[in-house]
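Below is one structure, written out as structure tokens, with a few remarks after it.
Convention: sequence-line order gives letters A, B, ...; per-chain numbering from 1.
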Number of protein chains: 2
Amino acid sequence: MAAILDVAKLAGVSKSTVSHVLNNTRFVSSETQRKVKEAAEALHYQPSVVARSLKVKTTKSLGMIVTSTDNPFYAEIISAAQKYCHEIGYDLILCNTEKNPIKTKSYIQVLSQRQVDGILVLCTTYDDVTFSTIAGQKKLPMVVLDSGPTVKYIDKIQDHSYRGGLIATEHLINLGHTRIAHIGGPENKLPAKQRFDGYCQALRDASLPINRDLVIESDLECEGGAAAIKKLLSLREPPSAVFVANDVMAMAAISVASQMGLRIPEDLSIVGYDNISLSEYFNPPLTTVNQHISELAELAVKTLIKRILGSSETETVVMIEPNLVVRQSTCEFKA
Amino acid sequence: MAAILDVAKLAGVSKSTVSHVLNNTRFVSSETQRKVKEAAEALHYQPSVVARSLKVKTTKSLGMIVTSTDNPFYAEIISAAQKYCHEIGYDLILCNTEKNPIKTKSYIQVLSQRQVDGILVLCTTYDDVTFSTIAGQKKLPMVVLDSGPTVKYIDKIQDHSYRGGLIATEHLINLGHTRIAHIGGPENKLPAKQRFDGYCQALRDASLPINRDLVIESDLECEGGAAAIKKLLSLREPPSAVFVANDVMAMAAISVASQMGLRIPEDLSIVGYDNISLSEYFNPPLTTVNQHISELAELAVKTLIKRILGSSETETVVMIEPNLVVRQSTCEFKA
DNA sequence: ATTCCCTTTGTTATCGTTAACTTTCAAACC
DNA sequence: GGTTTGAAAGTTAACGATAACAAAGGGAAT
């Protein structure tokens, strides 16, 4: 591949002139500019970002660490983040930890060796203090999306899950339900905890009892949702509605409830959480809490970039307000 | 960040010795090894892959160009590809073209400037001859997954969509259906065309007529699937079964058919294609053609690496045999 | 004691950029 | 006419690794 020196020779100028015309970084006469551009064109010259990175000590690349890239919720965040990155001239290196702390550690090392300018951390289970240590030690900007406690050196963007849990449950209450179950995520994950708290608050506000038999802590995966709904439906007095902490569990729940002969929503109302794009086309279309996935992702990238560009304000945590989108998996309670 | 020279100084040896012990690339006395390792440890030394890349002219990174990263089928391929890449020490730079040729071009340029060692192209609509030209010109290894005609310089991995279309349709025929519709993908995409061909062949084999009213060319997205099923169901003589060219369209089809009062599968059997992980938990669980997504992705990466490592055999196209997984969205035809 | 060889480690050019520091040259000024 | 000034472009030292080449030193062979 042609290097800058080749272009310089062909154009009959020095390397630095080529660099300057291509980067518009100092005045060059239009005649020289023309020659340089023609030479670059003729040689199909592509500047080497690796050489450039070495010199300027910045790679214009970001790492993204995710527990699972094929879960639709994560996939949509990745998609939105990547899209925004490209718009502002950054590239994204994708890392999938599969909930494995060893892999997580390995990815952090890889990204650090690749000298990414910053890291986006999405809902990983790696112990957050370690992240903080690394962020502080290496001065590697990080922002956490969705999960993880507030921690030093790391900004955080998440949806306001407490509000989400609240409005989801209120919706069910307003429909006349009183036995409302909850299938939650791992309670050591903050958003899951907050959704549960919102659920509890809504019940309390309505003077409804919080029945521990009706809340199940699960894993945010289909399998967990399926297992949880089976448990709930085998109760002596099963719920008439359930608020599920994410869409894929909600879908699985609907699927197995249907298999068991229940009609959704007539016999059982279900509200999910996330508003992944498939929820609109589920059977029935899913009533769910909209997390504003792309806004979330975009804001995370923006925040990270700001940090990379040198902002040194203390860590911020931003919460995005969710809203309920009512579709057909919920309806009025009929005794 | 500490550089190799810092380590060398602290250990009291030369840069090359440090490099050699860290890379195990020539004999170093164990005493010296110890000193070097200790120094590296003490300084939290992380070698710079950008400097290394500049010197060795290889980045150990791959680009992945995809039309849409949040479609579950693509998301699962990306996930599998990324996972395998990491296992063999490569990193993945993700690029999402959103079917936009301008973006595609821009990504190719970005990846080339980043000196990725190779590119994985997934089902993009960018004109394939251009890809071929670039692959040949820049000597940038590429492999195409899923879509795109066979073209010079580029290996291709895909599932055997003709067989998939055949077995899906045979399944419906064996269940006694005779009015079998097809919702296909864009016919300029080879796998879509092949699935349709398989469908036709199965009908012919069973001496069933191929009814043009019953086949609809769509876009492989939910919206398209929804529109297509509406059209089919408004026919004077609607089908009793439909073979849909991918899972998300099949899901959308089931969803709207249900909304219109049809029971799935009693009133309408539907078979999808892909076997995305959600299909198992759809309502009802989807009968679908299993594309062996992770094998596909892994084989693509393997093929690309082989090319990168210098294999110069002529372009290969590998087809992976699909299989049918029968779940609950299909059943016997009852008049 | 000189030479040779082998083991172990050091020196240095290089990869392709960027940018600080020079240089060149012509017009303008006194 | 010589100095100043300023515009335009050139020289070169990094950036951080790798690896080809070189060298030092000790033991064995002559």
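Computed from coordinates, the B:Lys57 NZ to C:dT14 P distance equals 13 Å when rounded to whole Å. Whole-Å rounding puts the A:Phe27 CZ to D:dG10 P distance at 14 Å. A:Met1 places its CE atom 15 Å from the P atom of C:dC15, with the value rounded to the nearest Å. Atom P of nucleotide D:dA9 and atom NZ of A:Lys35 are separated by 8 Å, given to the nearest angstrom. Whole-Å rounding puts the A:Arg114 CZ to D:dC15 P distance at 22 Å.
Remark: A:Glu98 engages A:Lys103, B:Lys83 in a salt bridge (charged side-chain N to carboxylate O under 4.0 Å, His left out) (not counting sequence neighbours).
Atom CD of B:Glu87 sits in a crowded spot, with more than 12 heavy atoms from other residues, nucleotides or ligands closer than 6.0 Å.
Using a 4.0 Å cut-off between charged nitrogen and carboxylate oxygen, B:Asp91 and A:Arg114 count as a salt-bridge pair.
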Candidate pair B:Ser29 and B:Thr32, rule side-chain hydrogen bond (donor to acceptor under 3.5 Å, both in side chains), full reasoning: CA-CA 5 Å; B:Ser29 72; B:Thr32 310; 2.8 Å; yes

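When heavy atoms are screened at a 4.0 angstrom cut-off, A:Val50 is found touching no nucleic acid atom at all. Counting non-hydrogen atoms under 4.0 angstrom, B:Ser53 reaches nothing in the nucleic acid. B:Val49 comes within 4.0 angstrom of no nucleic acid atom, judged by non-hydrogen atoms across all strands.
The 5' end of DNA chain C is approached more closely, in terms of each residue's nearest nucleotide, by B:Ser29 than by the other of B:Leu54 and B:Ser29. Heavy-atom distances to DNA chain C give each of B:Thr32 and B:Gln115 a nearest nucleotide, and the one nearer the 5′ end belongs to B:Thr32.
For A:Phe27 and A:His20, the ring centers are positioned 6.0 Å apart or more.
Across all non-hydrogen atoms, the minimal contact from A:Leu296 to A:Asp159 is CD1-N, 3.9 Å.
Contact annotation: A:Thr17 side-chain N/O to D:dA9 OP1/OP2 distance is not under 4.0 Å.
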Protein-to-nucleotide contact annotation, 5' to 3' order, nucleotides 17-27 of chain D [B base; S sugar-phosphate only; - none; under 4.0 Å, heavy atom]: BBB-B------

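Of the candidates B:Lys306, B:Arg307, B:Lys302, B:Arg307 is the only one forming a salt bridge (Lys or Arg N to Asp or Glu O under 4.0 Å) with B:Asp155.
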